Amino acid sequence: MDRIQISDIFQQVAQLLEVQGGNPYRVGAYRRAARSLVDFSGSLDGLAGAGRLREIPGIGEKLAQDVAEVLKTGDLALRRELLATLPKGVEELLRIPNLGPKRARILLEKLQIGSLGELEYACNENRLLDLPGFGARIQDVILAGIERLKRFKGRFLLSDGLEAAALLTAGLANHPQCAQLSEAGSVRRGCETVKDVDLVAAGRPCRVLLDVFYATPGAVMQTPRGNKAKIRLKNGLQVDLHCVSPAQFPAALLHYTGSREHNIALREHARGLGFDLSPQGLRNAGGLIACASEEDLYRILQLAPIAPELRENRGEIAAAAENRLPRLVQEADLRGVFHVHTVASDGRATLAELAAAARARGWSYLGICDHSQSAHYARGLDAERVREQWRDIDELNSQFEDFQLLKGIESDILVDGRLDYPDELLAGFDFVIASIHSHFNLGPAAQTRRLLAAIANPRTTMLGHPSGRLLLARDAYQFDQQAVLQAAARHGVVVELNANPQRLDLDWRLLRTARDLGVLIAINPDAHSVQGLDHVRYGVISARKGWLEARDILNCREKGEMLQYLRARRAGFAARVACP
DNA sequence: CATCTTAC
DNA sequence: TGCTGCCC
DNA sequence: GGGCAGCATCGTAAGATG
């Protein structure tokens, strides 16, 4: 349990107390403590051991006790009590946009609404209208929020799926009865969200494997059926293990990896060549054909091997037949990244820590990129603090020979499309990422104008998280995607593939369009900590899903070449000024 | 127009 | 619930 | 030093409500 997790628990306690109508100052105390823990740097275990937790601001007698309890047991009795006292559905209610603890409390008190279903029903009956603090507008927004939540229900982020897959394959892979093992399904294909995790194992007797699978810590066993075992992890994510004989493994892996559409198209392709492809194997008139791997299967079907990420029936079979599949980008192709936040705004790591981590990864540059001044909530930098950071960066850079920190900024795109600093200051950065962080609900026309204005600004190097979506939480804002991508291509503005697993924005389906329009992509971690640099992994997967090659990606270029691109973009501005 | 809630 | 200041 | 009362709330802006 680290301080962030404890902070989250306190945050939740504060919210639940507020829904319950508890003492507002008690609520505030939990909020303040949650904040204080986030800001705290030091050893909580150390302080707890010494009985000195109360030295943390906002932590007094009771909260020190609570911190100690979470450190010891991993949870708070108070939290469990609150959840038990309040209706089961309040957690979900609070996830609806524009529905916070205050309104949730009113819904609970006046209408006894404690679940999504009840709320939806009440909205449809217009029962929210006469409630204090509610009106027609809020009711509509809530109803839309419920629809979205229902749509996302039971889905998980790719990062969660990969984590679960890694956990389980680690447990099974070394088992002597397990000849081969692989993740499959949407996790293997790198889909941005997944419903469940599929694993395929070759081995016998399967009984033993299944027992290991069921013994996964924290897992709840579901009813087994045939060769399929199911468990549900603590977070609700379901994992299926399909057990097959070693001979069946390649065909089974292919089948369970999908996608369904890819399988159908592949089967059709096989039929055209006189083969029958099924989950059991590949056969022709002469019977079953022995295959050692998926590559074998594809080869026999006269196809180049198709990476799992491409198996979405978007032309990959034709491309494989003509041997013109892309040479997909790999994580090792990255030479550096942009879009990394530091302690100066809402990050947790210092410049020095980030530089060290980037060098350890073998990167030759790291683009520092804090929030701009209008992002008050994230302690965005004003001009003075920007210049201060520049000095710090220069100072650090003077110590490196083969590595460089780049001076960047994530500048808010204001509602009128302007960037968040005067031009003179913007001109001093090595790169500028322009991002939208407010006014998500402009109409499509206005939002498009706003984005086009930002792209047309010669100081803009990149467009950050271009659609603004938060996976499983918030839809993309509305804008003319085609027009924005075309403008980016025309102006030489790089489009970000934000690799944060909650964003993966630009969506992989549009990446290919963007590339074909001539847009250059940057895979950016949007890291707020040293660990956050690992986000690039998901970005690379999405890029592969978008058929991208290293040459399509700015940060796969060597440092010199990348710098040249940044310079050329800036020089382009100078040239246009000189001869309009 | 002031107040409240929510969200960044 | 935390913190301060006041009282004893 | 303990007990007690009284007060407390980052930072801002949008947007709805009344």
Side-chain angles (χ1 to χ4, degrees), chain A residues 7 9-11 13-40 53-69 76 78-79 82 93-108 110 128-145 148 341 345-347 370-382 410-416 420 435-443 446-447 450 464-465 468-470 473-475 477 500 502-503 526 528:
Chain A
S7 165
I9 289 176
F10 282 4
Q11 199 85 46
V13 166
Q15 212 165 35
L16 294 175
L17 277 172
E18 197 172 4
V19 174
Q20 206 189 41
N23 177 349
Y25 294 111
R26 193 175 168 214
V27 171
Y30 276 95
R31 289 241 159 79
R32 201 164 49 240
R35 241 190 113 83
S36 192
L37 282 172
V38 170
D39 294 338
F40 177 75
L53 285 170
R54 302 185 55 168
E55 288 174 17
I56 301 172
I59 306 268
E61 188 184 348
K62 178 64 166 68
L63 281 165
Q65 231 174 295
D66 286 352
V67 172
E69 183 186 343
L76 259 190
L78 174 60
R79 192 187 77 94
L82 285 166
L93 294 186
L94 291 169
R95 295 180 52 196
I96 298 172
N98 300 302
L99 179 52
K102 294 267 190 343
R103 291 190 180 126
R105 171 169 164 71
I106 292 170
L107 289 173
L108 196 56
K110 306 265 179 189
L128 302 201
L129 297 184
D130 356 305
L131 252 42
F134 290 81
R137 176 67 201 213
I138 288 283
Q139 182 176 268
D140 288 348
V141 168
I142 285 178
L143 208 43
R148 213 207 46 233
H341 296 267
S345 64
D346 58 351
D370 276 307
H371 283 284
S372 61
Q373 54 191 359
S374 67
H376 303 284
Y377 59 89
R379 297 197 302 150
L381 279 58
D382 59 21
E410 183 176 20
S411 171
D412 269 24
I413 302 175
L414 305 177
V415 67
D416 60 4
D420 197 18
S435 303
I436 284 182
H437 290 113
S438 61
H439 296 93
F440 300 120
N441 292 324
L442 289 187
Q447 199 71 283
R450 180 185 184 190
H465 42 73
R469 75 175 179 188
L470 291 177
R474 187 178 73 203
D475 290 328
Y477 32 75
N500 184 312
Q502 289 181 66
R503 293 191 183 269
D526 197 356
H528 290 71

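By convention in this document, chain letters (A, B, ...) are assigned in the order of the sequence lines, proteins followed by strands, and residues within each chain are numbered from 1. All of these numbers come straight from a predicted model, not from anything done at the bench.
The CG atom of Asp420(A) sits 14 Å away from the C1' atom of dA13(D) (whole-angstrom rounding). With rounding to whole Å, Arg54(A) atom CZ is found 7 Å from dG2(C) atom P. Distance Leu131(A) CG to dG18(D) C1': 14 Å, rounded to the nearest Å. For the pair Leu76(A) CG and dT1(C) P, the computed distance is 12 Å after rounding to whole Å. The distance from atom NE2 of His439(A) to atom C1' of dG15(D) is 10 Å, rounded to the nearest whole Å. Look at CZ on Phe440(A): it is 16 Å from P on dA13(D), rounded to the nearest Å. If you take NZ of Lys102(A) and C1' of dA16(D), they are 16 Å apart, rounded to a whole angstrom. Across the protein-nucleic acid pair, Glu61(A) atom CD and dC4(D) atom P stand 13 Å apart, rounded to whole Å.
Using a 4.0 Å heavy-atom distance criterion, Gly58(A) is classed as a sugar-phosphate-only contact. Among the protein residues, Ala14(A) comes within range of no part of the nucleic acid, since none of its heavy atoms lies under 4.0 Å from any strand. Within 4.0 Å of Pro101(A), counting heavy atoms only, lie sugar-phosphate atoms of the nucleic acid but no base atom. Note on Leu94(A): nothing from the nucleic acid sits closer than 4.0 angstrom, heavy atoms only. Contacts of Ile96(A) with the nucleic acid, taken as non-hydrogen atoms under 4.0 Å apart, involve only primed sugar atoms and P, OP1 or OP2.
Aromatic ring pairs are classed by plane angle as parallel below 30°, tilted from 30° to 60° and perpendicular above 60°; the pair His465(A) and His437(A) is perpendicular. Ring geometry for Phe10(A) against Tyr30(A) counts as perpendicular: the plane angle is over 60°, on a 0 to 90° scale with 30° as the lower cut.
Atom P of dC3(C) sits at a distance of 12 Å from the matching atom of dT9(D), rounded to the whole Å. Spacing between dG6(D) and dC8(B) at atom P, rounded to whole Å, works out to 40 Å.
A distance-only check finds no donor-acceptor pair linking the side chain of Asp420(A) to the backbone of Asp412(A) [under 3.5 Å]. Of the possible polar contacts, one joining the Gln447(A) side chain to the His439(A) backbone as a donor-acceptor pair under 3.5 Å is found. At distances below 3.5 Å, at least one donor-acceptor pair connects side-chain atoms of Arg105(A) with backbone N or O atoms of Gln20(A).
The span of DNA chain B lying next to chain A, judged by atoms under 4.0 Å from heavy atoms, is bounded 5' to 3' by dT5(B) to dC8(B).
A distance of 7.5 Å separates CG of Leu414(A) from CZ of Arg450(A), quoted to the nearest 0.5 Å. The line from CG of Leu37(A) to CZ of Arg32(A) is 12.5 Å long, rounded to the nearest 0.5 Å.
For Glu55(A), the CD atom is densely surrounded, since the number of other residues' heavy atoms within 6.0 Å is greater than 12.
In this structure the side chain of Arg31(A) reaches within 4.5 angstrom of the side chain of Gln11(A), judged on heavy atoms.
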Identify all pairs in which a protein N or O lies below 3.5 Å from an N or O of nucleotides 6-12 of chain D, and state each distance.
none

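Pairs engaging residues 95-104 of chain A under the side chain to side chain donor-acceptor pair (under 3.5 Å) rule: Glu18(A)-Lys102(A) [sequence neighbours left out].
Within the shown strands, dG18(D) is the pairing partner of dC1(B) under the Watson-Crick or G-U definition, both distances less than 3.5 Å. When Watson-Crick and G-U wobble pairs are counted only if both distances are under 3.5 Å, dC10(D) pairs with no nucleotide at all.
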